[in-house]
Amino acid sequence: MDKSYSSATEADIYRSWEKSGAFTPKIDKSKTPFSIVLPLPNASDPMHMGHALFTIQDILVRYHRMLGDPTLWLPGADHAGIETQFVFEKKLQKEGKSRFDYDRQTLYKMIWDFVEENRILNQFQMKKLGFSMDWTRYHYSLEPKIVDNVLLTFKKLYDDGLIYRDEKIVNYCTHCGTAFSNLEVVHKTVYSHLWYIKYGLLTVATTRPETMLGDTAIAVNPKDKRYKNLIGKKILLPLVNREIPIIGEESIDIKFGTGAVKVTPSHSPEDYDIAKKHNLEFIRIFDYDGKSNLNVPEKYRGYFPSQVRQMVIDDLTAVGLIEKIEDYSHEVGHCYRCGCPLEPITAPQWYLRIAPLAKPAIEAAQNGDVKFFPSRFKKAYLTWMESIRDWNISRQIVWGPRIPAWYCLDCHPDIKLNFLDKNKNIVTGFYKDLKDKYSFEEIKNGLQSLIAPVDAKYIVDCSSKIENCPNCHSTSLLQETDTFDTWFLSGQWPLNTLGFNPKDPSKSSPDFAYFYPTSVMDTLWDILFFWVARMIMFGLYLTKEVPFKTVHLHSRVVDAKGQKMSKSKGNVIDPLVMTEKYGTDALRMSLVYGIAPASDFVVSEDKIRAQRNFVNKIWNASRFVLMVVDKFPKVGASLAGAQITNPDDISILTNLNKIITSTTSDINRYHFGQASENLYQFFWHDFCDIYIEKAKDRLDPSKPTGEVGEEDVVPVLLAVLITSLKLLHPFIPFVTESVYQILREKLNLDEAQLITASWPEVLSF
RNA sequence: GGCUGUUUAGCUCAGUUGGUAGAGCGCAUCGUUUACAUCGAUGAUGUCGGGGGUUCGAGCCCCUCAACAGCCACCA
């Protein structure tokens, strides 16, 4: 053995595990399985420290495998719709291109190829980190079977009356060109102003003067004595000269501003509700590209909101209608992806009626069918779930499965189309205006997007085999160009990767019957609502069972300043670089050692180095033990026959039993930080510093007072070492397996590999 | 606005049935013809955020204040 541990053998060890079939469980109905579905990494995302924290799952998996449970850890990758398209568009931008230069099929193919390279790399990287995943069961979110199932789920939801289209106010990013769900909105404090604008009979206060071009009413509280007698009257909207009514609305805060609110139904969520209630007119001014292309006086047409704002303020000032301007800060929704302010806008979108799915998901948490660790996340989950609103599942991007709904162009000539003609020029317009000029094929082949009126009829068809409109028999059918929110797909991940059969659940695969519900879902809390909650809802909806019995939320890696690591901040520590430098075991140990559950923690090179030293300590203690074994070849290796009377032996074996008990219970309770810290202390301090140092004297005949105690010492050394290796294996699999193989060869040990060896039980001596 | 965390040695942080304060890194002194300098021995530094309470006893339970962080949220 070399003087210090080298991680160069890691790849060989991993290969031998994989080859031995240790990662692939055998279904044994007499045993209770243990299963974890990996929180699928984004296929476009290179490995970062967050992924390295899958170590937690590997610890659980390796522990259960050693307990003898049929253990499955199912790996996969997610196409990650918006995330990936955003990354790809940035790449396009660098090349001087944009998404508008391609029809959707071409764009899709380009993104596919872009992702594929990294997706393969991710698998290699996860192997580098020692993760004992069952690669024979690997899945990718865009593989046909997974997508088929997702479409069938959509169909079932539709048949159950839970899917609808509606043209509500949505969170729309004009930069990314898509709507988002509420969860994807990032609220930021914006320091702005409150403009007081004279509207004839009264003055309104607003943070968004530019939207006045789309005002269709003024609302006051009917209890407001100042304005009570104005309700029902009309005023002339400045700059636009449109007559709009003054209405009474109880939700208006009398104390805020002037107590009078301009109502812009198409560009403000609150105003939208008011307008629905009072049957007001909806006038959109901003189009999906963010510009004021619609329904505004000619001079304001074609500008972004900030530009329109300045023009409006200037013009109002010129005619003396700005009464005053106050400083004001408020929360404004921003795009979580690109950071731009979102434009509230009315747009037709696909919604999932969520209340019927949320109800059982709430009950499952309340009655303990699904448990949360740490338990405080149960409250967060319930709070969110209890105030959940319908989920906008449609995204106006190409990267992802399209919603399987088909429109008939001949029934709906007012469908708006964007496509590239055969000369690659962008054409935009209503079908009725284009159909004489372009063939259906040309439109279909060059299609970028379509927008169907909210009341358009559609046919839901998962097989994509539909050819004729059932109404008019036209063959000019186009599929919805909206794609699914990624989480709609990944929300069904545990089901679909395990072989759930949505057409006939009783015909689901043996894997599904055996491993579902899975044992633990381990992830970071930042996707508790995005993903964990959705999986619970889908799982219960489709199978009446929770997808996992326990949700374990792990810690978050931050940099030395406590900030989340991100490429843009330039503060990332690349786990694979650390692996190269200090070995995988050192990295893994540093990610769990002494860390409290679900806390933020700093990973630094110092810490990794410290754990590298620990790994080396194990290596060298093993060298010492082997040296002793060589020196006393006649001494039996088994503890079974030895008489334990020496206080040093009794002491170390007592401590060993304690550490067996505590490690087992700590892993069972997800106290990985505690478990690893105790093991570290036991091995380094109790075993190396105390026991081995004393053993040296006991084995040295030249010491005048020393007794030669090899009959006891050798078996104890071996028992403690081998047991420690087993206990440490889930945390630091490579060095432990490496040492074990050397010991096995020398001592003819029964168990072929540590990865499948039995978990230690308390010794009697 | 609602909710949740955090505050312990110079730094980063452990510390769940309440019982004489811990680790890693760093620091100081010494040691080592060896399993390991990726080492060993010894040592220093803490009114466990402030205040109050419960208790024989509180870092740990309760109340309160403060600072910091995060999550959720359609109020102009």
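Predicted model only: the values in this text are computed from it and were never measured. Throughout, a chain's letter reflects where its sequence line sits, starting with A, and its residues are numbered from 1.
In this model, no side-chain donor or acceptor of A:Q674 finds a partner on the base of B:rA23 within 3.5 Å. The base of B:rU4 is not paired with the side chain of A:R376 by any donor and acceptor separated by under 3.5 Å. Side-chain N/O atoms of A:E331 and base N/O atoms of B:rA73 include a donor-acceptor pair closer than 3.5 Å. Taking 3.5 Å as the limit, the base of B:rA35 and the side chain of A:K696 contain a donor-acceptor pair of atoms between them.
Here A:N182 does not reach the OP1 or OP2 of B:rA73: none of its side-chain N or O atoms lies under 4.0 Å away. Using a 4.0 Å cut-off, no side-chain N or O of A:K188 falls inside it from OP1 or OP2 of B:rA73. Using a 4.0 Å cut-off, some side-chain N or O of A:K379 falls inside it from OP1 or OP2 of B:rU4. For A:S599 and B:rA14, the shortest distance from a side-chain N or O to OP1 or OP2 is below 4.0 Å.
Across all strands, A:Y5 comes closer than 4.0 Å to no nucleic acid atom at all (heavy-atom distances). Counting non-hydrogen atoms under 4.0 angstrom, A:F377 reaches nothing in the nucleic acid. A:I252 comes within 4.0 angstrom of a base, heavy atoms only. A:H330 comes within 4.0 angstrom of the backbone, heavy atoms only, and of no base. Within 4.0 Å (heavy atoms only), A:A621 reaches at least one base atom of the nucleic acid. At a threshold of 4.0 angstrom between heavy atoms, the contacts of A:K607 are confined to the sugar-phosphate backbone, with no base atom among them. Nucleic acid contact class of A:F614 (heavy atoms, under 4.0 Å, all strands): none. Nucleic acid contact for A:Y328: sugar-phosphate only, since backbone atoms but no base atoms lie under 4.0 Å from a heavy atom of the residue. When heavy atoms are screened at a 4.0 angstrom cut-off, A:D689 is found touching the sugar-phosphate backbone but no base atom. Nucleic acid contact for A:Q681: sugar-phosphate only, since backbone atoms but no base atoms lie under 4.0 Å from a heavy atom of the residue.
When the P atom is compared between B:rC48 and B:rC11, the two are found 16 Å apart, to the nearest whole Å. Nucleotides B:rA9 and B:rG49 are separated by 8 Å at their P atoms, to the nearest Å. To the nearest whole angstrom, the two P atoms, one in B:rU47 and one in B:rG59, are 13 Å apart. Going from the P atom of B:rG10 to that of B:rC27 covers 15 Å, rounded to whole Å. When the C1' atom is compared between B:rG18 and B:rC30, the two are found 41 Å apart, to the nearest whole Å. Straight-line distance between the C1' atoms of B:rU42 and B:rG51: roughly 40 Å, to the nearest whole Å. Separating the P atom of B:rG53 from that of B:rG46 is a span of 26 Å, rounded to the nearest Å. On the C1' atoms, B:rU16 is 23 Å away from B:rC56, given to the nearest whole Å.
A salt bridge links A:D649 and A:R698; the closest N-O separation between the charged side-chain nitrogens and carboxylate oxygens is under 4.0 Å.
Searching all strands for a Watson-Crick or G-U wobble partner of B:rU17 with both distances below 3.5 Å returns nothing. Across all strands shown, B:rC71 forms a Watson-Crick or G-U wobble pair, both distances under 3.5 Å, with B:rG2. Pair assignment for B:rA9 gives none, since no Watson-Crick or G-U wobble pairing has each distance under 3.5 Å. Checking B:rA44 for Watson-Crick or G-U wobble geometry (two distances, each under 3.5 Å) identifies no partner in any strand.
For A:N613, whose side chain is taken as the heavy atoms from C-beta onward, the closest listed nucleotide among B:rA35, B:rC39, B:rG70 is B:rC39. Side-chain atoms of A:W384 lie closest to B:rA73 of the nucleotides B:rC39, B:rU12, B:rA73.
A:P238 places a side-chain heavy atom less than 4.5 Å from the side chain of A:L316. A heavy-atom distance below 4.5 Å is not found between the side chains of A:K262 and A:L237.
Nearer to the 5' terminus of RNA chain B, by closest-nucleotide assignment, is the contact made by A:E677 (compared with the other of A:E677 and A:D606). For the pair A:R609 and A:C688, both in contact range of RNA chain B, the more 5′-proximal nearest nucleotide belongs to A:R609.
With hydrogens and angles disregarded, no donor-acceptor distance shorter than 3.5 Å links the side chain of A:E343 to the backbone of A:I345. A:K168 places no side-chain N or O within donor-acceptor distance of the main-chain N or O of A:Y272, the cut-off being under 3.5 Å.
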### Task
Walk me through it: do A:S676 and A:M589 pass the test side chain to side chain contact (heavy atoms under 4.5 Å, CB included)?
CA-CA 8 Å; A:S676 55; A:M589 192 71 176; 3.8 Å; yes
### Message
The test is side chain to side chain contact (heavy atoms under 4.5 Å, CB included); show your working for A:N171 and A:N182 and say whether it passes.
### Response
CA-CA 7 Å; A:N171 312 298; A:N182 296 323; 3.2 Å; yes
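The aromatic rings of A:H552 and A:F373 sit parallel to each other, their planes meeting at less than 30°, with 60° as the upper class boundary.
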Which pairs would a plain distance check flag for residues 525-535 of chain A, meaning a side-chain donor or acceptor within less than 3.5 Å of a matching protein atom at least two apart in sequence or in another chain?
{"unit_1": "A:W531", "atom_1": "NE1", "unit_2": "A:S490", "atom_2": "O", "d": "2.7"}
{"unit_1": "A:R534", "atom_1": "NH1", "unit_2": "A:F530", "atom_2": "O", "d": "2.8"}

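Residues from residues 194-213 of chain A lying near RNA chain B, meaning a heavy-atom separation below 4.0 Å, are A:A205, A:T206, A:T207 in numerical order.
Interatomic distance, CG of A:L183 versus CD1 of A:I388, reported as 8.0 Å (0.5 Å rounding).
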